[in-house]
Amino acid sequence: MNTMSNQFTLPFEAAKKAEVFGILEAICQELEPTKTQLEAVTTSYNAVGKWLAESSNPMLAGSSIYAHGSTAVGTTVRPIGQNEFDADLIQHVLNFTADQSPAELKRIVGDRLREHTAYAAILVEKKRCWRLDYAGDYHLDISPTIANPACENGGELVPDKKLRQFKPTNPKGFKSLFERRAELMPRFRLAKTITDGVSPQASVEPFPTHSGNKGVLRRTVQLLKRHRDLHFLPVTDDIAPISIIITTLAARSYEFCVDHFTFESELDVLVATIRLMPHFIDRPIVSGQRIYVVENETTSGENFADRWNSEPQRAAAFYEWHAKALSDFEGLAGLEGMDKLTKSLNDSLGPSLVRGVIDKRTEEISAARTDKKLFVAPMVGLTTSAMASATPVKPNTFFGD
């Protein structure tokens with residue numbers, strides 16, 4: 001078994017990395033929709049789905065509606081400076097075939113939405129989908145698809161942006177593959193060292209601000225999307241890497257890392273995953289030209305990086321951003337002093353997001369440390385449970401007072 005480090009991590013260093021990852025975990029939680037927003041979008045989603053499914057148009061009869069994209073895989077992040085977020089929906093239409101016009105498919109879905117007075121008032125037409133804009137809160141993007149008989153994995157076809165042809169896609173297959181990868185558990189070298197001889201029945205109560213319930217892969221994707229949004233905020237050209245590319249490369253890299261390496265902390269898993277992402281960009285030669293390919297592994301013919309081949313500035317932008325993201329996250333564990341850590345996170349993720357998280361995290365950890373209730377445990381990080389495999393944290397702060 002390979003390791004990402006040849007040197008054993010002492011409990012102090014492990015606790016320091018755990019504290020960094022705990023802060024990143026808390027930042028991700030702040031990026032997500034609120035409970036109120038989730039309840040509202042769920043209500044809207046159910047109502048819209050019911051309205052579309054009950055259309056009297058025979059072409060829409062029996063169609064199904066489901067969530068896809070970041071909404072489906074759990075990697076949604078709020079746009080910078082906004083509380084509004086988007087939820088992507090698919091309307092899978094059964095009574096429509098690929099020899100018919102993609103523009104017609106889109107039109108009949110739009111016509112159905114316009115039949116509802118409330119939806120007509122907030123309906124916005126996009127290139128190949130329809131948006132219901134609940135201004136200031138969230139919006140629903142509804143894309144129509146049809147069956148793809150050529151795909152053995154149950155894939156679908158979606159209109160292209162020019163509405164001239166159908167293109168292969170497989171939202172359900174992509175979601176299933178991502179979820180399988182997200183469930184993979186990294187191997188931790190520290191866990192084996194500390195837990196030798198410990199009863200497997202030992203239980204751990206996680207530290208309140210480090211739930212980790214979404215796993216390292218989802219948190220990695222969320223952090224990278226936020227980093228991208230901030231990095232490209234001053235860039236006027238539309239060249240930022242699209243979310244599906246970030247999600248795909250991170251998922252493939254995470255699976256490879258988990259299968260091949262042993263780690264000392266969740267932060268190390270995150271950094272290793274980011275580091276290896278470019279290795280999963282394929283560069284085949286097609287018709288004498290070397291092209292970029294980030295394929296949808298669940299169907300044939302969908303290249304998420306297709307625009308890189310006609311707009312090479314997009315590929316250059318990805319590699320430049322990726323190098324910056326790797327440098328930013330890789331350097332976190334080596335920072336000395338909370339001021340330096342806070343500044344680094346402010347620069348890479350945004351001060352409006354980071355400030356409140358850092359303040360709250362510092363207060364809670366300080367209180368637990370003062371009460372001698374702070375420990376570091378393998379695969380848990382900072383915890384308030386004095387289990388057998390946990391190591392007490394000394395009464396100081398990893399980043400200085």
Side-chain angles (χ1 to χ4, degrees), residues 33 37-38 40-73 76 84-151 153-175 242-244 296 298-299 301-302 304 306-307:
Q37 285 178 315
L38 286 175
V41 76
T42 299
T43 299
S44 297
Y45 165 78
N46 290 333
V48 172
K50 185 174 185 293
W51 178 256
L52 290 171
E54 293 179 350
S55 172
S56 59
N57 188 323
M59 288 188 178
L60 298 181
S63 61
S64 59
I65 291 85
Y66 63 89
H68 78 107
S70 60
T71 307
V73 301
T76 298
E84 185 172 337
F85 70 99
D86 68 294
D88 297 316
L89 311 180
I90 290 289
Q91 180 175 13
H92 183 55
V93 180
L94 299 179
N95 300 325
F96 205 95
T97 56
D99 58 351
Q100 295 173 272
S101 166
E104 175 66 8
L105 175 63
K106 181 188 173 189
R107 183 192 65 78
I108 62 175
V109 173
D111 287 348
R112 175 57 177 168
L113 290 169
R114 288 192 189 93
E115 291 174 7
H116 193 293
T117 304
Y119 298 153
I122 59 174
L123 187 64
V124 179
E125 184 171 7
K126 309 298 286 186
K127 288 183 178 179
R128 63 178 178 185
C129 73
W130 295 97
R131 172 171 294 178
L132 293 176
D133 191 359
Y134 299 82
D137 204 3
Y138 57 89
H139 57 262
L140 304 180
D141 285 345
I142 305 163
S143 300
T145 67
I146 62 174
N148 181 5
C151 181
N153 296 323
E156 301 170 22
L157 297 170
V158 64
D160 69 357
K161 290 187 176 180
K162 295 182 179 180
L163 301 179
R164 294 177 180 173
Q165 61 182 345
F166 285 100
K167 298 178 63 175
T169 188
N170 193 356
K172 287 186 175 181
F174 184 92
K175 175 178 181 287
I242 59 177
S243 294
I244 193 68
N296 182 346
T298 66
T299 193
E302 185 170 25
F304 297 133
D306 187 54
R307 293 182 67 181

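- Of the candidates Leu94, Leu157, Asn95, Leu157 is the only one forming a side chain to side chain contact (heavy atoms under 4.5 Å, CB included) with Ile146.
- Residues Gly154 and Asn170 approach most closely at O-OD1, 3.8 Å, considering heavy atoms.
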Next on the checklist: Set out, in order, the CA-CA distance, both residues' side-chain angles and the distance that settles side-chain contact (heavy atoms from CB on, under 4.5 Å) for Ser44 and Leu132, then state yes or no.
Outcome noted: CA-CA 10 Å; Ser44 297; Leu132 293 176; over 6 Å; no

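- Pairing each heavy atom of His139 with each of Arg131, the nearest pair is CD2-NE, 3.2 Å.
- A side-chain donor-acceptor contact under 3.5 Å links Lys106 to the backbone of Lys127.
- Between atom CH2 of residue Trp130 and atom CZ of residue Arg114 there is a gap of 4.0 Å, rounded to the nearest 0.5 Å.
- A pairwise comparison of heavy atoms in Pro144 and Pro159 identifies O-CD, 3.2 Å as the closest pair.
- A donor-acceptor pair under 3.5 Å is absent between the side-chain atoms of Arg112 and the main chain of Ala53, judged by distance alone.
- Pairing each heavy atom of Phe304 with each of Ile242, the nearest pair is O-CD1, 3.7 Å.
- The closest donor-acceptor contact from the side chain of Asn153 to the backbone of Thr298 lies under 3.5 Å.
- Judged by distance alone, with hydrogens and angles left aside, the side-chain atoms of Asp141 form no donor-acceptor pair with the main-chain N or O of Asp86 at under 3.5 Å.
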Item to check | Full working for side-chain contact (heavy atoms from CB on, under 4.5 Å) between Thr169 and Thr299 | outcome: CA-CA 6 Å; Thr169 188; Thr299 193; 5.7 Å; no

Next on the checklist: If you apply the rule side-chain contact (heavy atoms from CB on, under 4.5 Å), what do you find for Leu52 with Leu60, and how did you get there?
Outcome noted: CA-CA 8 Å; Leu52 290 171; Leu60 298 181; 5.6 Å; no

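- Scanning all heavy atoms of the two residues, the minimum distance from Val93 to Met59 falls at CG1-O, 3.0 Å.
- Heavy-atom minimum distance, Ala67 versus Tyr45: N-OH, 3.8 Å.
- Taking CZ from Arg128 and CG from Asp160, the interatomic distance works out to 7.5 Å, rounded to the nearest 0.5 Å.
- Using the six-membered ring where Trp is involved, Phe85 and Tyr138 have ring planes that are tilted, between 30° and 60° apart.
- Distance check, rounded to the nearest 0.5 Å: OG of Ser55 to CD of Gln91 gives 8.0 Å.
- Considering CG of Leu123 and CD1 of Ile142, their distance stands at 8.0 Å, rounded to 0.5 Å.
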Item to check | Worked verdict on Phe96 versus Glu104 for side-chain contact (heavy atoms from CB on, under 4.5 Å) | outcome: CA-CA 10 Å; Phe96 205 95; Glu104 175 66 8; 4.1 Å; yes

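- With rounding to the nearest 0.5 Å, the separation of NZ in Lys126 from CG in Asp133 is 9.0 Å.
- Here the straight-line distance linking atom CG of Asp88 with atom OG1 of Thr71 works out to 5.0 Å at 0.5 Å rounding.
- Remark: Thr97 engages Asp99, Gln100 in a side chain to side chain donor-acceptor pair (under 3.5 Å) (not counting sequence neighbours).
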